[in-house]
There are 2 protein chains.
Amino acid sequence: MARSEASPVEHPGEACPLSAFVNIVAGKWAIPILYRLIVTDGPIRFRELQRAAHPITQKELTKQLRLLEARGLAIRTVYAEVPPRVEYEATPVARELIGALEGLADWVRTHRDSLAPGPARLT
Amino acid sequence: MARSEASPVEHPGEACPLSAFVNIVAGKWAIPILYRLIVTDGPIRFRELQRAAHPITQKELTKQLRLLEARGLAIRTVYAEVPPRVEYEATPVARELIGALEGLADWVRTHRDSLAPGPARLT
DNA sequence: CTGAATCCCCGGAGATACTG
DNA sequence: CAGTATCTCCGGGGATTCAG
């Protein structure tokens, strides 16, 4: 398609699927956590996740996991043991993201050097 | 970031590439804008982008575009005309994201219904 | 049309302490 | 170990206005 102005449809709402995506996995940690859940074969414990998504705080990790659970992307399993054990696992729907997320990861690895570290923000 | 980095060990292999990714394209609008730049074949004007990335404000769009430019993901071209015309275009590096981003978009389209709309945040 | 400059609020997210 | 409970800061980002 030459010109992308082909779409005559007015999109008052959120037409762009990627707008929806950033709403679903908003925040600094959602994607890294989700990725870790997905690439992990089987359940993973809270502590392990925290080490993986370094240096996330407990509070943040808990919040993000609950959000992922609420969206049907993660499963939370509590074992009535002592010391406590809670395991998380990606749902089948979440696992379908594996290809795209690895695509992003590959892109970063490939261009890590050439990517201008640039300012995190603009003043 | 971590002000008091007490971690004694450097993490070999650096952090998760996806942590780097969310740092690069942080914010509510970076990914949708980038996607629009990429799927657009050729330059696209400021106004068009604003219409595409739905209810984004001028300020936000300008800021995000400057950030993308600073990171080597977008090219900005100013034409000394009146009325002013400024065109943006994705760089080759940015275009390499096309596959992964469309993967994300497809995932959203596929599961749009089954995805629990859920609360945007947790209280 | 493109964009800079201001004002301002809310919520993301870190630090820290406490609990079962 | 796996969480809550607070406190707090600060910056994202919306609304609005001015400028070239």
Side-chain angles (χ1 to χ4, degrees), chain A residues 5 14 19 22-33 36-37 43-70 74-89 118-123, chain B residues 1-7 15 19 22-33 36-37 43-70 74-89 118-123:
Chain A
E5 194 47 52
E14 45 181 294
S19 284
V22 299
N23 280 342
I24 293 169
V25 291
K28 189 176 172 179
W29 297 105
I31 291 180
I33 291 172
R36 184 69 186 201
L37 285 176
I44 180 174
R45 299 188 60 168
F46 185 87
R47 258 305 185 195
E48 283 183 88
L49 274 173
Q50 192 179 5
R51 275 189 293 265
H54 179 105
I56 193 176
T57 63
Q58 285 186 345
K59 175 185 152 190
E60 265 313 289
L61 182 54
T62 297
K63 185 174 67 178
Q64 292 299 338
L65 285 170
R66 295 296 160 85
L67 280 173
L68 291 176
E69 191 189 9
I75 297 170
R76 180 171 180 262
T77 308
V78 182
Y79 296 87
E81 305 175 354
V82 55
R85 180 164 57 109
V86 181
E87 291 181 341
Y88 295 88
E89 194 167 2
R121 62 179 194 272
L122 249 35
T123 34
Chain B
M1 288 296 185
R3 284 203 299 236
S4 54
E5 180 60 55
S7 176
S19 285
V22 298
N23 280 342
I24 294 169
V25 291
K28 189 175 172 180
W29 297 105
I31 291 180
I33 292 171
R36 185 69 187 201
L37 284 177
I44 180 173
R45 299 189 60 170
F46 185 88
R47 246 328 175 185
E48 282 183 89
L49 273 173
Q50 193 179 3
R51 276 189 293 263
H54 190 78
I56 193 177
T57 62
Q58 286 186 343
K59 175 186 155 189
E60 266 311 291
L61 183 53
T62 299
K63 185 174 66 177
Q64 292 298 339
L65 284 170
R66 293 298 160 85
L67 280 173
L68 290 176
E69 190 189 12
I75 298 171
R76 180 171 180 263
T77 309
V78 182
Y79 296 87
E81 305 174 351
V82 52
R85 179 164 58 109
V86 181
E87 291 183 341
Y88 295 87
E89 193 168 2
R121 62 180 190 270
L122 249 35
T123 30

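First the proteins, then the strands, lettered A, B, ... as listed; each starts at 1. Side chains included, hydrogens not; waters and symmetry mates left out as well; all remaining heavy atoms used.
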Asks: A side-chain contact here means heavy atoms from C-beta on lying under 4.5 Å apart; do B:Arg76 and B:Leu65 qualify?
Replies: no
Asks: Heavy-atom distance under 4.5 Å between the side chains of A:Glu87 and A:Arg85, does that happen here?
Replies: yes
Asks: Quick one: pull up CD1 in A:Ile56 and NZ in A:Lys28 and give me the separation to the nearest 0.5 Å.
Replies: 9.0 Å
Asks: Rounding to 10 degrees, work out the angle separating the end axes of the helix from C:dC1-D:dG20 to C:dG20-D:dC1 (five pairs an end).
Replies: 40°
Asks: Does any non-hydrogen side-chain atom of B:Leu49 lie less than 4.5 Å from one of B:Arg36?
Replies: yes
Asks: Rounded to the nearest angstrom, tell me the gap between atom CG in B:Leu61 and atom C1' in C:dG3.
Replies: 10 Å
Asks: Please report the distance, rounded to the nearest Å, between CD1 in A:Ile56 and C1' in C:dA15.
Replies: 14 Å
Asks: With a 4.5 Å limit on heavy-atom distance, are the side chains of B:Leu68 and B:Ile33 in contact?
Replies: yes
Asks: Do you know which two heavy atoms are closest between B:Ala53 and B:Trp29, and how far apart they sit?
Replies: O-CZ3, 3.8 Å
Asks: Are the side chains of A:Leu61 and A:Phe46 in contact, using a 4.5 Å heavy-atom criterion?
Replies: yes
Asks: OP1, OP2 of C:dT2 versus side-chain N and O of B:Arg76: anything below 4.0 Å?
Replies: no
Asks: Does this structure show an ion pair linking A:Glu48 with A:Arg45, if we count only N-O contacts that are shorter than 4.0 Å?
Replies: no
Asks: How long is the line joining CG of A:Leu65 and C1' of D:dT4, in whole Å?
Replies: 15 Å
Asks: Taking only N and O in the side chain of B:Arg85, is any of them less than 4.0 Å away from OP1 or OP2 of C:dC1?
Replies: no
Asks: Check whether any side-chain nitrogen or oxygen of A:Arg66 sits under 4.0 Å from OP1 or OP2 of D:dT4, and answer yes or no.
Replies: yes
Asks: With heavy-atom distances below 4.5 Å as the criterion, would you say the side chains of B:Leu67 and B:Gln64 are in contact?
Replies: yes
Asks: Quick test: give all pairs of protein nitrogen or oxygen and nucleotides 6-13 of chain C nitrogen or oxygen below 3.5 Å, distance rounded to 0.1 Å.
Replies:
residue : atom : partner : partner atom : Å
C:dA13  : OP1  : A:Lys28 : N            : 2.9

Asks: To the nearest angstrom, how far is A:Gln50 atom CD from D:dT4 atom P?
Replies: 13 Å
Asks: With the criterion being N/O to N/O and under 3.5 Å, what pairs connect the protein with nucleotides 18-20 of chain C, and how long is each?
Replies:
none

Asks: Please state whether the phosphate of D:dA2, meaning OP1 or OP2, lies under 4.0 angstrom from any side-chain nitrogen or oxygen of A:Arg45.
Replies: yes
Asks: Can you find a heavy atom in the side chain of B:Thr77 that is under 4.5 Å from one in the side chain of B:Pro43?
Replies: no
Asks: Classify the nucleic acid contact of A:Tyr88 as base, sugar-phosphate or nothing, counting any heavy atom under 4.0 Å across all strands shown.
Replies: sugar-phosphate
Asks: Determine whether A:Glu89 and A:Leu37 make a side-chain contact, defined as any pair of heavy atoms from C-beta on separated by less than 4.5 Å.
Replies: no
